[in-house]
Number of protein chains: 2
Amino acid sequence: MARARIVDPEQGPRSKRGAILVAAVERFGEDGYENTKWSEVADRVGIGQTALYHYFESKAHCLLTIMRLELQRSHDQFVEATKDETEPVEELRAAVRAAFAVTEQEIRQMRILQANMSLLATPRKSKREETERVAARQLVQMVERDWTNLLMRGMSKGAYPVRDAHTLGLAVLGMIVSVWRWYRPSGAIPLSEISEMIEGCVVRMVAE
Amino acid sequence: MARARIVDPEQGPRSKRGAILVAAVERFGEDGYENTKWSEVADRVGIGQTALYHYFESKAHCLLTIMRLELQRSHDQFVEATKDETEPVEELRAAVRAAFAVTEQEIRQMRILQANMSLLATPRKSKREETERVAARQLVQMVERDWTNLLMRGMSKGAYPVRDAHTLGLAVLGMIVSVWRWYRPSGAIPLSEISEMIEGCVVRMVAE
DNA sequence: AAACAACCTGAGTTCAGTTCAGTTTGACTG
DNA sequence: CAGTCAAACTGAACTGAACTCAGGTTGTTT
């Protein structure tokens, strides 16, 4: 499965779309979306601010694109990590580990996604923005279903006690993504340790 | 312990500060902060938009005030709920239940708090905004410490296995607050059921 | 080398948030 | 009960970042 990439080979050779997304991920990820001037992104790429509108309809359209790409990647990574597992508890562990097997850019993208999640709730006025929003929303539901289905499989096999799989799935997912609110690569605790701690928590939550 | 109230008796009798906060909580909670025009809040209160600046230095100052008040309330409620408990697992359960014993307005305030948490990360230019931001940040740390301390007490009493109490506390807190991202009073699952599910999850995560 | 699409720009517009320069309201004082 | 003062308020003007417009440039293709 091809992982969703910021740099899209579908674009023309002169296209700066990829560069804009990379720059936007850096700025939105470090200072936050609202705190970042759209013109700063243009400066970083080395083009005038109006040139941005050749690639994105608006600043929000760029943000929504980043969010959709990250959601697509998360979903793909979940599928990839769990496809060969048959034993429920191992499948659960693999899914958690996959969620934390990310690069620094992907950490920023997760942070952007979490910080702006509420943007997906209300319709957008422009067409292209709305398309990205709806796509992102569907991916959110898909990721939620990934977890719900994993839990239901384990429950029906008798490996986990039977509980409301949907609510439990949201709780597990909520705990995992909450890490991106506070984790910084420069922090005291390495990500591997956090991953192990969360893995243990999830297993106890679900399988005991 | 007096719970932090939106309507502050310290204000003069003619003051509309409380009414503004109530209106802002409604609008920010339903449509989101960015999606809400500051003038809509004024309309709802029944004053001109410039009158808002008599009470708040800016739209952001109002938001930060709402966030601080909600954090204060959360902290107070945690303290209130756990002060009489001596048995660690019961104390843990009481803390989780307290986190979900909220009114509809408080749910909106939690939603606003969660959606705009990243605002607390970067300094504000104006003095009064920065004061509120720093106060809110300290309350976040206080709430984190509430959980960390509860976990450490339980560990040192031998009631919970010893783990990194800080990271575990953040995980527990992250799971609890993540509920406010998706829960709606109109939804299919009643809050009491969610509360019970999370309570069980937290106990298994921490005490097993 | 002509044609065309992709890519880019400076000047101007918009709109929500904010400031300014006062005016009104009502409680309290002498 | 007239005068005073601070709290509360207002319409008009300002600001700055997102965005639009009306074209200009670049590189590729035939």
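Throughout, a chain's letter reflects where its sequence line sits, starting with A, and its residues are numbered from 1. These numbers come from the heavy atoms of this one structure, side chains and all, not from hydrogens, waters or symmetry mates.
Residue Lys37(A) contributes atom NZ, which lies 15 Å from atom P of dC19(D) at whole-angstrom precision. At whole-Å resolution of the value, CD in Glu34(A) and P in dA16(C) are 14 Å apart. The CZ atom of Arg17(A) sits 15 Å away from the C1' atom of dA6(C) (whole-angstrom rounding). When rounded to the nearest whole Å, the span between NZ of Lys125(B) and P of dT19(C) equals 12 Å. For Lys16(A) and dT26(D), the NZ to P distance is 12 Å, given to the nearest whole Å. The interatomic distance linking Arg14(B) (CZ) with dA7(D) (C1') rounds to 5 Å, in whole Å.
Thr167(B) and Glu193(A) form no side-chain donor-acceptor contact under 3.5 Å, judged by distance and modelled atom types alone. In this structure, a donor-acceptor pair under 3.5 Å is absent between the side chains of Thr82(A) and Glu91(A).
Within residues 39-67 of chain B, the residues having any heavy atom under 4.0 Å from DNA chain D are, by residue number, Ile47(B), Gly48(B), Thr50(B), Ala51(B), His54(B), Tyr55(B). Residues of residues 112-121 of chain A that place a heavy atom closer than 4.0 Å to DNA chain D do not occur.
Note on Thr36(A): only backbone sugar-phosphate atoms sit closer than 4.0 angstrom, heavy atoms only; bases stay farther off.
Between Leu52(A) and Val45(A), the closest side-chain pair of non-hydrogen atoms is not below 4.5 Å. Residues Met110(A) and Arg73(A) form a side-chain contact, since some pair of their non-hydrogen atoms from C-beta on lies under 4.5 Å apart.
Judged by the 6.0 Å and 45° rule, Lys16(B) forms no cation-pi pair with Tyr55(B).
Using a 30° and 60° split on the angle between ring planes, Trp147(B) and Phe78(B) fall in the perpendicular class, above 60°. Ring geometry, Tyr33(A) versus Phe28(A): the interplanar angle exceeds 60°, so the pair is classed perpendicular (tilted spans 30 to 60°).
Taking Glu199(B) as the reference, Arg93(B), Arg97(B) meet the salt bridge (Lys or Arg N to Asp or Glu O under 4.0 Å) condition, with sequence neighbours excluded.
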